[in-house]
*Asks:* 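Dropping the structure in here first, questions after.
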2 protein chains.
Amino acid sequence: MPRKTYHHGDLKNALIQAGIEILAEEGVSGLSLRKAARKAGVSHAAPYAHFADKQNLIAAIASDGHKKIFEQFEAIRARHADDPLRQFLIGAWAYMQFGLESPDHYKITFSGAIQDEHSHPEFLEYSQRNMQALRNIIERCRSAGVLSGEDVNSELQAVSIWGLLHGLVLLMIQGQLPSRLMQTTPAKDMLIAALQQFVRVPIHKKMLG
Amino acid sequence: MPRKTYHHGDLKNALIQAGIEILAEEGVSGLSLRKAARKAGVSHAAPYAHFADKQNLIAAIASDGHKKIFEQFEAIRARHADDPLRQFLIGAWAYMQFGLESPDHYKITFSGAIQDEHSHPEFLEYSQRNMQALRNIIERCRSAGVLSGEDVNSELQAVSIWGLLHGLVLLMIQGQLPSRLMQTTPAKDMLIAALQQFVRVPIHKKMLG
DNA sequence: GCACAAATCTTGACGACGTCAAGATTCTAG
DNA sequence: CTAGAATCTTGACGTCGTCAAGATTTGTGC
């Protein structure tokens with residue numbers, strides 16, 4: 001359906017949305033500027049008015065991923081303001097769910113599709129905001145005395161936890177875990193087993209929301 | 001330099017090696033069948049005598065990565081046959097070092113460049129062999145009583161540890177950790193902080209070999 | 001209200017890529 | 001020695017990222 005106006009009106013966002021849809025339909029390798037342009041109903045070179053190159057579209061899509069996670073973190077923080085452990089557990093589960101539900105959007109957001117993060121300040125800012133949110137939660141958990149390993153530097157502990165979450169999500173969405181395990185063990189149980197290593201209190205399934 | 005014989009002689013391996021070099025020089029996004037062919041001194045379609053498509057070359061390169069890791073695991077197991085904790089710590093460090101020294105070879109091996117692992121049996125076998133090696137080490141560590149979290153299922157613990165290692169390596173080689181942290185903290189220290197969460201005994205730097 | 005600059009979009013081109021088909025060359029089994 | 005298999009080359013096709021030139025629309029200063 002050709003559009004009526006010569007100008008699209010909101011092409012930049014349309015391209016980002018088209019890109020996200022392509023990721024869901026065809027995965028990271030199926031994402032191309034030309035396909036996003038087609039989906040938005042414009043010619044193949046139109047995106048260059050809004051994105052200097054493909055990397056910049058990817059950075060915008062990745063920033064959107066970070067933003068979605070951050071919004072969840074904020075909502076969780078508000079809903080469980082007085083319970084840092086719940087913030088931690090439910091936040092971790094929300095993070096994992098984003099990966100499981102939108103695997104390729106997750107990959108493009110967190111797994112190095114951006115060559116030089118330093119040249120995409122918007123992405124960098126969103127990324128740091130999430131890192132800071134995680135650190136805050138962990139700091140509060142430590143104060144509450146619910147984390148084990150309190151002898152290690154708290155920033156290093158945050159990195160460890162993020163690494164664990166990130167690695168686990170990637171192994172899952174890429175089908176790299178033994179298939180028998182994937183069929184018998186719900187993701188939530190794997191997450192609990194992993195997080196239990198960092199949490200002094202026993203974690204029940206209900207605690208993940 | 002054109003070669004003397006019409007037949008290359010060992011093109012399959014030459015393409016794999018060329019691919020690994022390209023990964024080191026230009027990264028994952030610079031890897032192409034045509035470039036590997038050029039590097040091996042053959043025409044652009046010659047690779048198709050040995051690899052059905054690009055995915056199959058990638059799978060071969062990834063298998064090589066798995067093999068390199070596995071050989072290290074075997075050597076470490078032999079050298080510290082009576083000390084499972086050392087096997088675990090030194091093995092983990094070797095794994096991380098492969099990632100740090102050959103980041104793009106690591107990525108292609110462990111980070112989902114292969115679309116459908118099920119259709120590359122060679123890769124699958126190497127991959128499972130490494131997973132099994134990790135499980136064996138962890139099992140022996142548990143028997144020796146040096147791991148914490150012995151209440152969780154041992155396979156889930158193995159997955160957690162692999163996830164932690166994998167995630168940490170990826171965050172490092174993709175520069176996703178806070179830059180201040182990366183400059184001040186050696187990789188070995190980050191690894192120790194992470195592994196300490198799983199190990200009852202205090203880990204000293206020397207224990208990583 | 002109008003000329004003109006800026007923003008946006010189209011068309012057309014280029015080289016690189018993955019892949020296939022047809023044919024040339026070499027190896028190997030019988 | 002010969003026929004077929006394996007290997008390699010050449011040439012083609014469609015897709016892609018990107019750039020340049022030009023068309024269309026929007027916005028701004030007067």
Side-chain angles (χ1 to χ4, degrees), chain A residues 1-23 25-62 104 108 112-116 119-120, chain B residues 1-23 25-62 104 108 112-116 119-120:
Chain A
M1 45 176 173
R3 61 186 193 289
K4 294 197 166 68
T5 60
Y6 185 84
H7 281 2
H8 178 286
D10 192 22
L11 183 54
K12 185 166 186 177
N13 286 310
L15 288 169
I16 294 173
Q17 288 312 311
I20 292 174
E21 285 171 27
I22 293 170
L23 287 177
E25 293 159 6
E26 309 177 45
V28 175
S29 68
L31 177 62
S32 76
L33 275 177
R34 294 173 99 109
K35 215 170 329 196
R38 245 170 293 158
K39 226 168 199 194
V42 296
S43 75
H44 65 261
Y48 286 87
H50 304 276
F51 300 102
D53 56 18
K54 189 182 180 183
Q55 278 289 305
N56 280 83
L57 173 60
I58 290 177
I61 294 174
D104 287 85
I108 246 187
I114 302 180
Q115 308 269 0
D116 179 16
S119 59
H120 301 279
Chain B
M1 43 176 175
R3 61 186 192 287
K4 296 199 165 69
T5 60
Y6 185 85
H7 281 1
H8 178 287
D10 192 22
L11 183 55
K12 185 166 185 177
N13 286 310
L15 289 169
I16 294 174
Q17 289 313 311
I20 293 174
E21 285 171 28
I22 293 170
L23 287 178
E25 293 158 5
E26 309 178 45
V28 175
S29 67
L31 177 62
S32 76
L33 275 178
R34 293 174 101 110
K35 214 167 336 194
R38 244 170 292 156
K39 227 169 202 204
V42 296
S43 74
H44 65 262
Y48 286 87
H50 304 275
F51 300 102
D53 56 18
K54 189 182 179 182
Q55 278 288 305
N56 280 82
L57 173 60
I58 290 177
I61 294 174
D104 288 85
I108 245 187
I114 302 179
Q115 308 270 359
D116 179 16
S119 60
H120 302 279

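Owing to the predicted nature of the structure, the values given are computational and were not obtained by experimental measurement. The chains referred to below are lettered A, B, ... by the order of the sequence lines, with proteins before strands, and numbering in each begins at 1.
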*Asks:* Is there a side-chain contact between K35(B) and E25(B) in this structure, where contact means two heavy atoms from C-beta onward sitting under 4.5 Å apart?
*Replies:*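 Of all side-chain heavy-atom pairs linking E25(B) with K35(B), none is under 4.5 Å.
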
*Asks:* F51(A) has an atom CZ; how far is it from atom P of dT18(D), in whole Å?
*Replies:*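 So the CZ-P distance, F51(A) to dT18(D), works out to 13 Å.
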
*Asks:* Would you say N56(A) and H120(A) make side-chain contact, with heavy atoms under 4.5 Å?
*Replies:*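 Side-chain contact under 4.5 Å: yes.
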
*Asks:* Using a cutoff of under 3.5 Å, can you pull out all pairs of nitrogen or oxygen atoms linking the protein to nucleotides 4-6 of chain D, with atom names and distances?
*Replies:*
none

*Asks:* Report the distance from atom CD of E26(A) to atom C1' of dT15(D), rounded to the nearest whole Å.
*Replies:*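 It works out to 12 Å between those atoms.
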
*Asks:* Can you tell me how far the CG atom of D104(A) sits from the CD atom of E26(A), to the nearest 0.5 Å?
*Replies:*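 Between atom CG of D104(A) and atom CD of E26(A) there are 10.5 Å.
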
*Asks:* Quick check: do I61(A) and I58(A) have side-chain heavy atoms less than 4.5 Å from each other?
*Replies:*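 A side-chain contact is absent here, since even the closest heavy-atom pair is not under 4.5 Å.
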
*Asks:* Considering all heavy atoms of both residues, which atom of G30(B) and which atom of I22(B) are nearest to each other, and what is their separation?
*Replies:*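 That closest heavy-atom pairing would be O-CG2, 3.5 Å.
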
*Asks:* Walk along nucleotides 14-24 of chain C from 5' to 3' and tag each nucleotide B, S or - by protein heavy-atom contact under 4.0 Å, base first, then sugar-phosphate.
*Replies:* ---BBBB---B

*Asks:* Measure from CG on D10(B) to C1' on dC8(D) and round the result to the nearest Å.
*Replies:*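 After rounding, the reported distance stands at 15 Å.
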
*Asks:* Is the side chain of Q55(A) donor-acceptor paired with the backbone N or O of A113(A) at a distance under 3.5 Å, no angle test?
*Replies:*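 Here the side-chain-to-backbone pair exists.
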
*Asks:* Heavy-atom distance under 4.5 Å between the side chains of L31(B) and I108(B), does that happen here?
*Replies:*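 A side-chain contact under 4.5 Å exists here.
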
*Asks:* CG of D10(A) to NE2 of H50(A): how many Å apart, nearest 0.5 Å?
*Replies:*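 Reported value, rounded in 0.5 Å steps: 8.5 Å.
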
